[in-house]
Amino acid sequence: MRVSNSAAAIAWLLSLSSTYAFQSPSSPASVRLHTARRPSPIVVKPITSLSAATKDDEVATIQILMSDTGGGHRASANALRDAFNVLHETEPARFPLAIECDIVDIYTDYGPFFPYNQYVALYKIMAEYSFLWKFFYEFGSTPIGLWLNEVGLELACFEPFQKCLTRNPLSIYENDMRADMVVSVHPLCQDLPLKILNQLDSHGASREKGRETPFVTVVTDLGGAHPTWFNDGVDKCFVPSDVLKKAALDRNVKESKIVQYGLPIRRGFWRFGADFAEEPEEQNEEEEIQGVHHKPTIRAELGLKDMPTVLIVGGGDGMGGIIAQAQAVGKRLQKLASSSGTSYQMVVVCGNNKAAQSTLSPPQTQWGSDIEVNVQGFVNNMDEYMRASDILVTKAGPGTIAEASICGLPCILSSFLPGQEEGNVPYVVENGFGCYQGEPEGIANTVEEWFARGGMLEKMRNDALIAARPDATLDIARDLADMVLARKDELKKSGKMVAMPPPPGAPKELMYGQGPF
């Protein structure tokens with residue numbers, strides 16, 4: 001791959017500025033910067049988490065921290081928000097309060113300067129030039145990389161991030177009320193937010209202890225994860241797989257804090273009926289196939305033909321060499337159709353890659369008469385396209401893999417980010433529902449082989465369903481909802497006050513926890 005001068009310049013800037021790309025959990029050996037700088041003063045205000053509101057208007061609030069470095073983090077946050085809404089509607093006896101979520105890209109919105117406020121742009125560059133990603137990911141996993149990042153984050157971002165953690169979840173431009181609970185769905189949102197909450201809840205006494213606000217990590221990687229995901233200071237750490245449970249244990253997270261359900265995924269992929277009853281209903285596979293998951297019915301609703309279908313996905317950001325893949329697969333399907341007398345269908349979802357969508361659509365590309373080709377841009381009904389398909393070609397994103405397994409959809413993984421997504425390949429292979437092919441011709445060969453051997457596809461479909469965790473989102477949301485409602489009850493019964501940063505010129509007696517608590 002030839003790197004342009006501009007990309008090389010960006011890489012040089014990254015090498016100077018982004019050594020703090022990953023954040024480390026607290027450990028006794030870590031440098032404690034607060035011993036060298038005076039903590040920001042804290043003022044005590046009466047709790048205003050709507051406990052004084054009328055009963056009908058009462059809500060619980062959760063702030064979800066993330067960054068849009070890839071689409072999976074926001075998708076997971078949105079899935080949890082949707083699950084809270086469903087639980088309040090369908091299980092009101094257990095969850096009587098509505099739960100309002102404040103989903104915030106803490107780096108884009110509160111990063112003080114480069115590189116912190118440019119993580120999304122830098123992610124896209126490093127994802128395109130994977131050697132950059134590999135370097136920073138691996139360096140960020142070393143002791144010196146973790147230490148540098150911890151130092152840089154605390155020096156540069158403590159006060160800006162404190163503004164985020166003290167913003168009103170119901171009116172984000174005000175800082176007069178804190179969320180009842182904080183949830184992280186991003187590897188860079190553990191260590192520093194925990195320190196900030198320690199200082200807030202201890203009224204400025206410590207950044208290492210004193211936190212009372214519940215804090216939970218929901219890991220959104222699958223077969224491998226960066227060390228910064230795991231911090232024993234959290235109350236709970238939700239992991240989706242055995243591999244990541246071991247990774248959490250290796251980072252000294254207590255086993256009692258680790259909960260394993262699966263990945264939080266979009267509502268369209270939840271178990272059929274799971275969002276209408278507290279107990280998931282017994283599943284009758286035959287009835288389900290003849291019902292909402294009936295391929296011919298779904299295909300008709302999508303305007304597709306009822307024939308063997310391969311789905312090629314470029315992700316929400318459109319990355320992954322989708323043009324070459326689609327051209328190779330389309331050519332091979334045309335050849336296979338001509339020799340076998342069976343027609344085939346290819347659906348290409350280009351995401352936000354408008355250039356790919358235009359290139360693959362007529363008149364720029366003319367496909368053979370024996371195959372049907374449907375080219376889409378960004379779609380909001382990926383669950384329907386997956387259930388309409390027989391084979392999925394995709395980069396090794398954790399969310400897409402989890403969604404495919406729920407749909408019983410065999411996967412050909414076409415690419416992965418080094419480190420972060422590398423472990424997703426053996427996850428798919430070892431669970432028996434896919435393989436890795438990094439070249440377009442290899443992908444086309446595999447598609448041809450799988451279509452030619454129908455028994456292989458059926459076995460992989462069954463193995464995918466075995467690996468599926470369709471109830472994970474609601475299971476995670478139930479645990480989180482229980483925690484935040486318990487926190488609300490505790491605050492109401494105790495009559496405690498919540499610590500907030502002081503306004504300019506605040507009286508000295510209100511600072512550093514000298515008010516009532």
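- Contact of the R266 side chain with the M382 side chain is registered, since non-hydrogen atoms from C-beta on lie closer than 4.5 Å.
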R74 vs D105, side-chain contact (heavy atoms from CB on, under 4.5 Å): CA-CA, chis, key distance, verdict: CA-CA 9 Å; R74 186 173 293 275; D105 183 337; 4.0 Å; yes
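- When all heavy atoms are compared, the tightest approach of N424 to G223 is OD1-N, 2.7 Å.
- The nearest pair of heavy atoms linking L263 to D221 is CD2-O, 3.6 Å.
- A 4.5 Å side-chain heavy-atom check between V310 and D390 finds every atom pair outside the cut-off.
- Looking only at distances, a side-chain donor or acceptor of Y107 sits under 3.5 Å from a matching main-chain atom of L188.
- Between the side chains of D242 and Q260, a donor-acceptor pair is found at a separation under 3.5 Å.
- At least one donor-acceptor pair closer than 3.5 Å links the side chain of Q345 to the backbone N or O of K305.
- For the side chain to side chain donor-acceptor pair (under 3.5 Å) criterion with T61, the lone passing option out of D180, N168, D102 is D180.
- Remark: the N445 side chain and the R332 side chain contain an N/O donor-acceptor pair separated by less than 3.5 Å.
- No side-chain heavy atom of K254 sits less than 4.5 Å from a side-chain heavy atom of L249.
- Y261 does not carry R478 over the face of its six-membered ring by the limits of under 6.0 Å from the centre and within 45° of the normal.
- Closest approach of M181 to V484, counting heavy atoms only: CB-CG2, 3.9 Å.
- Considering CD1 of I391 and CZ of F451, their distance stands at 4.0 Å, rounded to 0.5 Å.
- A donor-acceptor contact shorter than 3.5 Å is absent between the side chain of S414 and the backbone of I412.
- A side chain to side chain contact (heavy atoms under 4.5 Å, CB included) with F238 is found for one member of V219, D475, V216, L244 and no other, namely V216.
- Between Y137 and M126 there is no side-chain heavy-atom pair separated by less than 4.5 Å.
- Ion pairing between K245 and E255 holds under the 4.0 Å rule for side-chain N and carboxylate O.
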Audit row: C407, L465, side-chain contact (heavy atoms from CB on, under 4.5 Å) steps and yes/no: CA-CA 7 Å; C407 296; L465 291 172; over 6 Å; no
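- Checking side-chain atoms of T365 against main-chain N and O of S361 turns up no donor-acceptor pair under 3.5 Å.
- Using a 4.5 Å heavy-atom cutoff, the side chains of Q190 and F230 are not in contact.
- With hydrogens and angles disregarded, a donor-acceptor distance shorter than 3.5 Å links the side chain of W367 to the backbone of L360.
- Of the candidates D235, D232, D479, K257 forms a salt bridge (Lys or Arg N to Asp or Glu O under 4.0 Å) with just one, namely D232.
- The minimum heavy-atom distance between G70 and Y123, with the atom names listed, is N-CE2, 3.3 Å.
- The aromatic rings of Y119 and Y116 sit tilted relative to each other, their planes meeting at an angle between 30° and 60°.
- A heavy-atom distance below 4.5 Å is found between the side chains of M460 and W450.
- Judged purely by distance below 3.5 Å, without hydrogens or angles, the side chains of N374 and Q376 pair a donor atom with an acceptor atom.
- If you take CZ on R299 and OG on S389, they are separated by 7.0 Å, rounding to the nearest 0.5 Å.
- The CZ atom of F84 sits 5.5 Å away from the CG atom of L80 when rounded to the nearest 0.5 Å.
- A salt bridge does not link R267 with D82: every distance from a Lys NZ or Arg NE/NH1/NH2 to an Asp or Glu carboxylate oxygen is 4.0 Å or more.
- Atom CD1 of residue I371 and atom CG of residue L333 lie 6.0 Å apart, to the nearest 0.5 angstrom.
- Looking at heavy atoms from C-beta onward, K331 lies out of side-chain contact with V329 at the 4.5 angstrom threshold.
- Residues P193 and S184 form no side-chain contact, since every pair of their non-hydrogen atoms from C-beta on lies 4.5 Å or further apart.
- Atom CG of N252 sits about 8.5 Å away from atom CG of D250, to the nearest 0.5 Å.
- Atom OG1 of residue T446 and atom CD of residue E448 lie 10.0 Å apart, to the nearest 0.5 angstrom.
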D191 vs E154, side-chain contact (heavy atoms from CB on, under 4.5 Å): CA-CA, chis, key distance, verdict: CA-CA 9 Å; D191 185 62; E154 194 162 0; 5.7 Å; no
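- In this structure K134 satisfies the salt bridge (charged side-chain N to carboxylate O under 4.0 Å, His left out) test together with E138, sequence neighbours excluded.
- Remark: the backbone N or O of G72 is paired with a side-chain donor or acceptor of S76 at under 3.5 angstrom.
- Within 6.0 Å of the CD atom in E449, the count of heavy atoms belonging to other residues, nucleotides or ligands exceeds 12.
- In the model, D471 has no side-chain atom that pairs as donor or acceptor with a side-chain atom of W270 under 3.5 Å.
- In this structure, a donor-acceptor pair under 3.5 Å is present between the side chains of T69 and H186.
- The shortest heavy-atom contact between G111 and N117 is O-CB, 3.4 Å.
- Between R387 and E403, no side-chain nitrogen of the basic residue sits less than 4.0 Å from a carboxylate oxygen of the acidic one, so the salt-bridge criterion is not met.
- Ring centroids of Y436 and F416 are separated by less than 6.0 Å, placing the two rings close together.
- With hydrogens and angles ignored, the 3.5 Å screen pairs a side-chain donor or acceptor of T142 with a backbone N or O of G145.
- No side-chain donor from either of S67 and H73 sits under 3.5 Å from a side-chain acceptor of the other.
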Working for side-chain contact (heavy atoms from CB on, under 4.5 Å), residues T213 and L200: CA-CA 9 Å; T213 304; L200 288 170; over 6 Å; no
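- Listed by chain and residue number, nothing satisfies the salt bridge (charged side-chain N to carboxylate O under 4.0 Å, His left out) test with E458 (two or more places apart in sequence, or in another chain).
- Annotation: Y110 is not in aromatic contact with F161 [ring centroid separation under 6.0 Å not met].
- Here the shortest heavy-atom pairing between A83 and L474 reads CB-CD2, 3.9 Å.
- With sequence neighbours excluded, no residue forms a ring pair (Phe, Tyr, Trp, His ring centres under 6.0 Å) with F269.
- Between the side chain of R211 and the main chain of I196, no donor-acceptor pair closer than 3.5 Å is present.
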